[in-house]
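Take a look at the structure below.
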Amino acid sequence: MEHNELSRRDFMKVLGVAAAAIRLSGPFDNAQAADIPDIDVIDRVFIANEDSNTISVINPASNTVETTINLTSFDEDARPPFRFVTAGMMPTHASMIHKPLYHGCIDAHGVVPSPDGRLLATCGRGSGNVYLIDTVNRKVIGNMPNHFASPNTNSERITSGIMVGREPHEPTFTRNGKELWIAVRGEDRIAILDVGLAVKHSGGVEAKAIRQFISTINGPSQVWFNADGTLAFVASQKTQKVEVLRVNPDADGYSHTEKLTMLDIGQQDKAGFTPFLKISRDGKEVWFSHKLADALSSRSTTEPFTLLDFVPLGSMSRPNHLEFVENVNGKVLYVSFARVDDGGPGGVASSQIAIIDRNAAPGQRKVVGTFFSGGRESHGLWTNPSNNLLYVAHEQDELPGTPNAGQTVASGFDVSDPFKPKFIVQIPLGSLKLPSGELRNKKSINLVYVRPGYRGQTG
């Protein structure tokens with residue numbers, strides 16, 4: 001317990017420094033971006049791998065995997081029921097979570113940074129919980145020393161995190177960093193956590209980390225906050241609606257929510273399947289990814305939340321994540337496609353990313369180009385603070401006969417000219433080396449680029 005208390009005190013100091021950093025850093029703008037180095041020594045790219053229940057950490061300075069964060073409970077004990085590899089047999093990714101006595105993450109999915117980038121939250125869709133990660137030390141918060149530790153085991157025991165309900169999909173921090181809102185897709189509600197208490201709770205300290213649950217639309221997929229943190233937009237994967245909530249933060253920064261309105265998006269998303277949304281960098285627009293409608297739409301972030309754009313993307317494009325890029329050479333929105341197309345670079349099948357020109361007037365935005373993502377079934381994507389580097393995650397492994405055959409990969413692009421991205425690198429994610437064998441990192445979902453201490457996209 002003494003070890004855990006020390007770790008928690010140290011981390012709370014980190015949170016204090018983070019709060020100061022947020023106050024000192026202004027909102028993102030191009031002038032500020034011009035003074036930011038492209039890659040800082042503290043920058044890291046974090047990727048949630050759903051099948052392996054791991055977080056890959058890439059150093060963008062070398063474009064290599066620096067470490068893999070373990071969210072599994074394998075090899076905490078040297079006895080066979082606790083091992084990843086037993087009697088020389090390595091389980092499949094699908095079956096490994098059903099091994100006796102497994103108590104780790106199931107289906108690591110959404111991952112998002114705190115406003116100051118010092119903290120990550122990731123959901124276990126299948127395990128119904130959320131984990132917090134210290135981005136500076138690349139450690140899961142709340143892991144305990146393993147009392148069964150030996151040369152044949154892991155040195156730590158995985159925390160249970162915070163249990164929030166069935167099918168938590170995407171977590172999002174409030175703009176002030178005081179709360180974490182989690183779209184609990186299987187229960188039609190949002191779990192609102194006190195971040196400070198969540199840090200304590202993860203470490204086994206009795207703390208009421210969940211401030212409240214609020215009912216919302218059927219199948220909530222993700223929450224995103226407007227620029228000043230006063231409104232929350234809630235998308236759904238089960239209905240043709242978007243809910244807008246007033247946050248009403250009190251003097252201490254904690255929410256007292258109030259239902260504002262329900263937006264009908266049936267004309268834009270007849271299937272009622274909108275997994276992702278994001279607010280533009282100027283805070284004026286909220287964009288939605290309508291996956292089964294193969295389209296995007298945008299609305300004003302101020303009442304009455306007028307429809308601004310509807311952008312068809314092409315048959316079976318199956319859009320995933322959105323990312324805004326704004327620099328001296330242009331202002332665009334990128335959207336990753338799940339669809340895999342033949343005829344990629346070198347004749348290798350690859351997904352594509354669409355480019356929407358946001359310099360055009362609202363109502364006139366359209367796809368002005370696409371580029372191959374450098375992998376199969378592109379999903380998460382995020383830029384560096386300077387908005388000239390883009391990283392992309394992929395769900396599917398690379399095909400036989402390709403340079404990284406059998407590997408899940410990420411890719412990096414130079415987007416100094418947002419309309420003409422230049423491929424830089426394809427990064428194989430490799431494996432997590434456990435005492436009993438190697439667990440291959442597989443099926444990447446969310447990806448974020450983090451600079452700890454800098455006010456990022458959620459700030």
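Computed from heavy atoms alone, side chains included, the values below leave out hydrogens, waters and symmetry copies. Counting from 1, the numbers follow the sequence of the chain as shown.
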Is there a donor in the side chain of [X] and an acceptor in the side chain of [Y], or the other way round, less than 3.5 Å apart?
X	Y	answer
N446	H321	yes
N248	E258	yes
H394	S351	no
Q352	T370	yes
N388	S416	no
H169	S221	no

Atom [atom1] of [X]: over 12 foreign heavy atoms under 6.0 Å:
X	atom1	value
D342	CG	no
K366	NZ	no
M316	CE	no
K284	NZ	no
Q267	CD	no

With T54 as reference, evaluate I69, L71, L439 under the side-chain contact (heavy atoms from CB on, under 4.5 Å) test and give the passing residue.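 Answer after filtering I69, L71, L439: L439.
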If you round to the nearest 0.5 Å, how far is [atom2] of [Y] from [atom1] of [X]?
X	Y	atom1	atom2	value
L180	C123	CG	SG	7.5 Å
I106	I97	CD1	CD1	4.5 Å
L245	L231	CG	CG	9.0 Å

Under 6.0 Å between the ring centres of [X] and [Y]?
X	Y	result
W181	F225	yes
F305	F233	yes
H379	F337	no
F413	F371	yes

Electrostatic pair [X]-[Y], nearest N-O below 4.0 angstrom:
X	Y	result
R358	E326	yes
R281	E323	yes
E50	K442	no
E398	R376	no

Salt bridge (charged side-chain N to carboxylate O under 4.0 Å, His left out) between R185 and E170: does it pass, once the steps are laid out? CA-CA 9 Å; R185 191 166 55 182; E170 292 281 345; over 6 Å; no
Distance-only donor-acceptor pairs under 3.5 Å for side chains of residues 210-218, two or more places apart:
from: R211; atom 1: NH1; to: E179; atom 2: OE2; distance (Å): 2.6
from: R211; atom 1: NH1; to: S255; atom 2: O; distance (Å): 3.3
from: T216; atom 1: OG1; to: E243; atom 2: OE1; distance (Å): 2.6

Check: [Y] main-chain N/O paired with [X] side-chain donor or acceptor under 3.5 Å:
X	Y	value
S236	P220	no
D252	Y254	no
Y391	G380	no
S350	G374	yes
S298	W287	no
R451	I42	no
D40	D43	no

Pairs satisfying salt bridge (Lys or Arg N to Asp or Glu O under 4.0 Å), at least one member in residues 297-319, at least two apart: R246-E303, D294-R318, D309-R365
Pairs flagged by salt bridge (Lys or Arg N to Asp or Glu O under 4.0 Å) wherever residues 414-428 is involved - sequence neighbours left out: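 Those involving residues 414-428 do not exist here.
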Please give me the minimum heavy-atom distance between A121 and V130, naming the atom from each residue. CB-CG2, 4.2 Å
Residue pair R440, D397: steps toward the salt bridge (charged side-chain N to carboxylate O under 4.0 Å, His left out) verdict: CA-CA 11 Å; R440 185 169 65 81; D397 300 335; 3.0 Å; yes
Can K291 be said to sit on top of F273's aromatic six-ring, NZ or CZ under 6.0 Å from centre and within 45° of the ring axis?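 Judged by the rule, K291 and F273 form no cation-pi pair.
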